[in-house]
Amino acid sequence: MKTIHLNSSNFTYWKHRSTPNVMALGFFDGIHNGHKKVIKTAGDVAKKGNLPLAVMSFFPHPKTILSKGNTTFDYLMPTSKKASILESLGVDTFYVVECDKDFLSLLPKQFVSDYLLNLKVVHAVAGFDFSYGHRATGNIDRVKKDSHDQIDVTKVKKIDFHGKKISSTWIRELISNGEMEQLSNVLGRYYETEVYWDGQCFKLAPYYMLPAKGMYKVAIKINERVQETEVVIPKNQNRIYLTEKLIHRFIRSDKVEIIWSHQIPVVQEIHSSSAFTV
């Protein structure tokens, strides 16, 4: 899979190298079961037409631009992790559009012309709540009209779990509450975070969310080795402590993955991290 970071300085280069394709549209933070339905639908359309499958996402999140930097956005994963999952889903090209003030000011027709027609999209697929253009006034239903009937569209209906719409917002709520077991049902997989070992504890890599304080059953993955263990997130600390010494001795700045299984009920409130350092 090819990952292309689009911006004003390189757009002309990439539009001349694009070929007819089917494109899934969305921010796709977390790539949950709803997102996967959109991507699978686009993939089915692409296979039927013998066309490559593309995905377009945006970075940073529009909320950070609209708030002029005054809003902190809790990302579920960085672009690199998103790309890895998309590749496993059969995506051929992953476009990451630089989201800035100029991009958000585009009228819906301009967005369709500049970012879909110019990239030779022949069929666009998105969720029912996808929006685009100035003040988010565009939606998947009007892409065909905005493209003067040059782009066909497929709108994917709401995907829910036990009657509740699956969304990145709900996923953030589950992480904030430490409901990792429920989260795995919504994501379709366990939540994973990249972390760094600082000699005493793990620190979260950028663009991931840290679960609520508490004790968790997890798996630690490093160099394809996976070991189950338990970790603790103390109150008011942005750190992750092991509850036991592992056979593997981590090297300072080691980059590893934590796969979150479920929260372990504890009787005593966790106030200090000192009991859990390695």
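By the 6.0 Å contact criterion, CD on Glu173 is enclosed, its count of non-hydrogen atoms from other residues, nucleotides or ligands being greater than 12. Within 6.0 Å of atom NZ in Lys120, more than 12 heavy atoms from other residues, nucleotides or ligands are found, so the atom counts as buried in its surroundings.
Ring centroids of Tyr95 and Tyr115 are separated by 6.0 Å or more, keeping the two rings apart.
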Donor-acceptor contacts under 3.5 Å from residues 137-144 side chains, at least two apart:
| from | atom 1 | to | atom 2 | distance (Å) |
| --- | --- | --- | --- | --- |
| Thr137 | OG1 | His134 | O | 2.9 |
| Asn139 | OD1 | Asp141 | N | 3.0 |
| Asn139 | OD1 | Arg142 | N | 3.4 |
| Asp141 | OD1 | Lys155 | NZ | 3.4 |
| Asp141 | OD2 | Lys155 | NZ | 3.2 |
| Arg142 | NE | Asp146 | OD1 | 3.4 |
| Arg142 | NE | Asp146 | OD2 | 2.8 |
| Arg142 | NH2 | Asp146 | OD1 | 3.1 |
| Arg142 | NH2 | Asp146 | OD2 | 3.4 |
| Lys144 | NZ | Asp152 | OD1 | 2.9 |

Please tabulate, one pair per line, all N/O donor-acceptor pairs under 3.5 Å involving side-chain atoms of residues 40-53, not counting sequence neighbours.
| from | atom 1 | to | atom 2 | distance (Å) |
| --- | --- | --- | --- | --- |
| Lys40 | NZ | Asp44 | OD2 | 3.1 |
| Thr41 | OG1 | Lys37 | O | 2.7 |

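Look at Lys15 and Asp114 and you find no salt bridge, because none of the NZ, NE, NH1 or NH2 atoms lies under 4.0 Å from a carboxylate O. A salt bridge links Asp198 with Lys203: the closest approach of a Lys/Arg side-chain nitrogen to an acidic carboxylate oxygen falls below 4.0 angstrom.
Between Ser168 and His35 the shortest heavy-atom distance is OG-CE1, 3.5 Å. Listed here is the closest heavy atom pair of Val91 and Met1: O-CG, 3.2 Å. In this structure, Met209 and Leu204 approach most closely via the heavy-atom pair C-CD2, 3.6 Å. When all heavy atoms of Glu181 and Ser184 are compared, the closest pair comes out as O-OG, 2.7 Å. The minimum heavy-atom distance linking Gln182 with Leu174 is given by the pair CG-CD2, 3.8 Å. Summarising the geometry of Ala124 relative to Ile151, their closest heavy-atom pair is N-CG2, 3.7 Å, with the distance given to 0.1 Å.
Partner Phe94 forms a side chain to side chain contact (heavy atoms under 4.5 Å, CB included) with one of Lys82, Lys2, Glu87 and no other, that one being Lys82.
Glu192 meets the side-chain hydrogen bond (donor to acceptor under 3.5 Å, both in side chains) test with Lys81; sequence neighbours excluded. Among residues two or more places apart in sequence or in another chain, the ring pair (Phe, Tyr, Trp, His ring centres under 6.0 Å) test is passed with Phe59 by Tyr75, Tyr207. Scored by the side-chain hydrogen bond (donor to acceptor under 3.5 Å, both in side chains) test, Lys165 finds Asp129 as partners (sequence neighbours excluded). Checked against ring pair (Phe, Tyr, Trp, His ring centres under 6.0 Å), His61 has the following partners two or more places apart in sequence or in another chain: Phe27, Phe73. A search for salt bridge (Lys or Arg N to Asp or Glu O under 4.0 Å) contacts involving Asp100 returns nothing, not counting sequence neighbours. For Phe58, the ring pair (Phe, Tyr, Trp, His ring centres under 6.0 Å) partners at least two apart in sequence or on another chain are Phe103. Take Arg239 and apply the salt bridge (Lys or Arg N to Asp or Glu O under 4.0 Å) test, not counting sequence neighbours, and it matches no residue. Judged as a side-chain hydrogen bond (donor to acceptor under 3.5 Å, both in side chains), and not counting sequence neighbours, Thr12 has no contacts.
Here the side chains of Leu119 and Phe11 are in contact, with some heavy-atom distance below 4.5 Å. Between Val38 and Phe28 the shortest side-chain heavy-atom distance falls below 4.5 Å. Put simply, the side chain of Ile65 reaches to within 4.5 Å of the side chain of Cys99, judged on heavy atoms. Side-chain contact between Leu210 and Thr193: absent, with no pair of heavy atoms (C-beta onward) separated by less than 4.5 Å. By the 4.5 Å heavy-atom criterion applied to side chains, Met215 and Glu230 are counted as neighbours. Contact check for Tyr191 versus Ile175: side-chain heavy atoms found under the 4.5 Å cut-off. For the pair Val121 and Asn21, the minimum side-chain heavy-atom distance is below 4.5 Å.
In this structure, the separation between OG1 on Thr93 and CE on Met23 is 8.0 Å, given to the nearest 0.5 Å. With rounding to the nearest 0.5 Å, the separation of SG in Cys201 from OH in Tyr241 is 4.0 Å. A distance of 5.5 Å separates CD1 in Ile220 from CG in Leu242, rounded to the nearest 0.5 Å. Atom-to-atom distance recorded for Ser18:OG and Ile4:CD1 is 8.5 Å, nearest 0.5 angstrom. Rounded to the nearest 0.5 Å, atoms NZ (Lys213) and CD1 (Ile233) are 10.5 Å apart. The CG atom of Leu86 lies 5.0 Å from the CD1 atom of Ile39; values are rounded to the nearest 0.5 Å.
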For this session: Check the pair Gln110, Val112 against side chain to side chain contact (heavy atoms under 4.5 Å, CB included), reporting the backbone distance first and the verdict last.
Result: CA-CA 5 Å; Gln110 288 178 289; Val112 171; over 6 Å; no
For this session: Evaluate the side chain to side chain contact (heavy atoms under 4.5 Å, CB included) criterion for residues Val156 and Phe130: first the C-alpha distance (whole Å), next the side-chain angles of each, then the deciding distance (0.1 Å), finally the verdict.
Result: CA-CA 10 Å; Val156 177; Phe130 173 73; over 6 Å; no
Exercise. Please walk me through it: do Ile240 and Val232 pass side chain to side chain contact (heavy atoms under 4.5 Å, CB included)?
Worked result: CA-CA 6 Å; Ile240 305 164; Val232 165; over 6 Å; no
Problem set entry | Pair Lys217-Glu228, side chain to side chain contact (heavy atoms under 4.5 Å, CB included): steps then yes or no | CA-CA 7 Å; Lys217 185 72 175 180; Glu228 293 186 354; 3.9 Å; yes
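Counting only distance, with no hydrogens or angles, the side chain of Asn33 and the backbone of Asp160 share no donor-acceptor pair below 3.5 Å. In this structure a side-chain-to-backbone donor-acceptor pair under 3.5 Å is present from Arg17 to Tyr13. Of the possible polar contacts, one joining the Ser176 side chain to the Arg172 backbone as a donor-acceptor pair under 3.5 Å is found. Remark: side-chain polar atoms of Asn10 are paired, donor with acceptor, to backbone N or O of Asn7 under 3.5 angstrom.
The stretch residues 208-238 participates, sequence neighbours left out, in these ring pair (Phe, Tyr, Trp, His ring centres under 6.0 Å) pairs: Tyr216-Trp260. A ring pair (Phe, Tyr, Trp, His ring centres under 6.0 Å) check over residues 138-183, counting only residues at least two apart or in different chains, returns nothing.
Hydrophobic clustering of Ile, Leu, Val, Met, Phe, Trp and Tyr side chains at less than 4.5 Å, counting indirect connections, unites Trp14 with Phe111. Linking Ile, Leu, Val, Met, Phe, Trp and Tyr whenever their side-chain heavy atoms come within less than 4.5 Å puts Leu6 and Val96 in one cluster. In the hydrophobic cluster analysis, where Ile, Leu, Val, Met, Phe, Trp and Tyr join through side-chain heavy atoms closer than 4.5 angstrom, Ile85 is grouped together with Val55.
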